[in-house]
Amino acid sequence: MKVCKTIDDMRAASREARREGKRLGFVPTMGALHQGHLSLVRAAKAKSDVVAASIFVNPLQFGPTEDLAKYPRTFDADRELLEREAADILFVPTAKEMYRPGAVTYVTVEGLSDKLCGRSRPGHFRGVATVVAKLFHIVEPDLAFFGQKDAAQCVIIQRMVRDLNLPVEIVVCPIVREPDGLAMSSRNAYLSPEERTSALVLYRALTATRTLFEQGERNTAALIAAGRRVMAKERGVRLDYFEIVDPDLLTPVPELTRPVLVAVAAVVGTTRLIDNILLSV
Ligand code: PAJ
């Protein structure tokens, strides 16, 4: 695996692959890799000739009181995992390499960036869209792989690609869960054993909603209420949102007449976790 630390090195590696007519698949990450990330690398391997991954803890997508400083950084283990998955290129720029002093240009996906997590994390999706746009320009992939775990992120990236005519195909891959249902996340590493148990409430609430839906309930207010009731029962968990929204627009829907996204975010102890499911009628 070729490790590129500079933008110039990364561009050269990408150009070389493309000169040979190879399809380049790209998996952007912030590291602390787990099976969720690796599922994206495997999907990329299956659909592309050359696979590039990036590890960059993007300061622009963290709020001033968020966990940028303590975000888990496990580079040696990450590199080994990527080697084992036979990734071809790893891009690991520094923050200085990615953001020149005085950088003032951002990508805002208006009307979407303030939905779901965007409401309680102002500036977060602007940071995500900006860094992903930059990464796409540097790596120049044919395909880029994202996880459904971050549902709003997928919607925002897809809209950005469409609106800016970026020549990349976005592939969204399913959520990878622990055997007990907890969605895998780099932030799960912050959880104490008690919090790890409490964290199961997110998936439990989503499952309760799905069960009610399968029993025939189509009123979203009733479905949301059921999910929120489950969330409220778990002590030490502060609900941020439990919403049922249009999967493309991220806006609330009153009745379930077409597929919807059920999305939840909550703070367990001090750790913010998200999860979601899709319901299709
Ligand atoms: P990060 O949280 O490291 O996630 C990188 C990719 O892995 C994202 O596409 C995310 O949705 C996916 N992923 C995380 N957990 C997953 C799971 N349990 N199952 C399936 N996929 C999962 O998301 C980011 O980084 C950043 O915002 C980034 C896109 C890299 C921009 O900085």
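Counting heavy atoms from C-beta outward, Ile175 and Lys149 have side chains that approach closer than 4.5 Å. Side-chain contact between Val267 and Val237: absent, with no pair of heavy atoms (C-beta onward) separated by less than 4.5 Å. For the pair Leu182/Asn188, a side-chain contact is recorded, criterion being any heavy-atom separation below 4.5 Å from C-beta on.
Judged purely by distance below 3.5 Å, without hydrogens or angles, the side chains of Ser120 and Asp240 pair a donor atom with an acceptor atom. At a cut-off of 3.5 Å, with distance as the only test, a side-chain donor of Asn58 or Tyr99 sits close to an acceptor on the other residue.
Few gaps surround CZ on Arg73; more than 12 heavy atoms of other groups in view lie less than 6.0 Å from it. In Lys96, the NZ atom is not crowded: 12 or fewer heavy atoms of neighbouring residues, nucleotides or ligands sit closer than 6.0 Å. In the displayed structure, Lys22 atom NZ is contacted under 6.0 Å by at most 12 heavy atoms of other residues, nucleotides or ligands.
Residues satisfying the side-chain hydrogen bond (donor to acceptor under 3.5 Å, both in side chains) criterion with Asn219, sequence neighbours excluded, are Glu255. Here Asp142 pairs with Arg18, Arg23, Leu24 under the side-chain contact (heavy atoms from CB on, under 4.5 Å) rule; sequence neighbours left out. Residues passing the side-chain hydrogen bond (donor to acceptor under 3.5 Å, both in side chains) test with Thr271, sequence neighbours excluded: none. Annotation: salt bridge (Lys or Arg N to Asp or Glu O under 4.0 Å) contacts of Arg126 (sequence neighbours excluded): none. Partners of Lys2 by side-chain contact (heavy atoms from CB on, under 4.5 Å), not counting sequence neighbours, listed by chain and number: Cys4, Ala13.
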With salt bridge (charged side-chain N to carboxylate O under 4.0 Å, His left out) as the criterion, how do Glu66 and Arg272 come out once you've worked through the C-alpha distance, each side chain's angles and the decisive distance to 0.1 Å? CA-CA 10 Å; Glu66 292 182 357; Arg272 190 170 186 286; over 6 Å; no
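Residue pairs that meet the side chain to side chain donor-acceptor pair (under 3.5 Å) test with at least one member in residues 162-177, sequence neighbours left out, are Arg177-Asp275.
No side-chain donor-acceptor contact under 3.5 Å links His124 to the backbone of Gly118.
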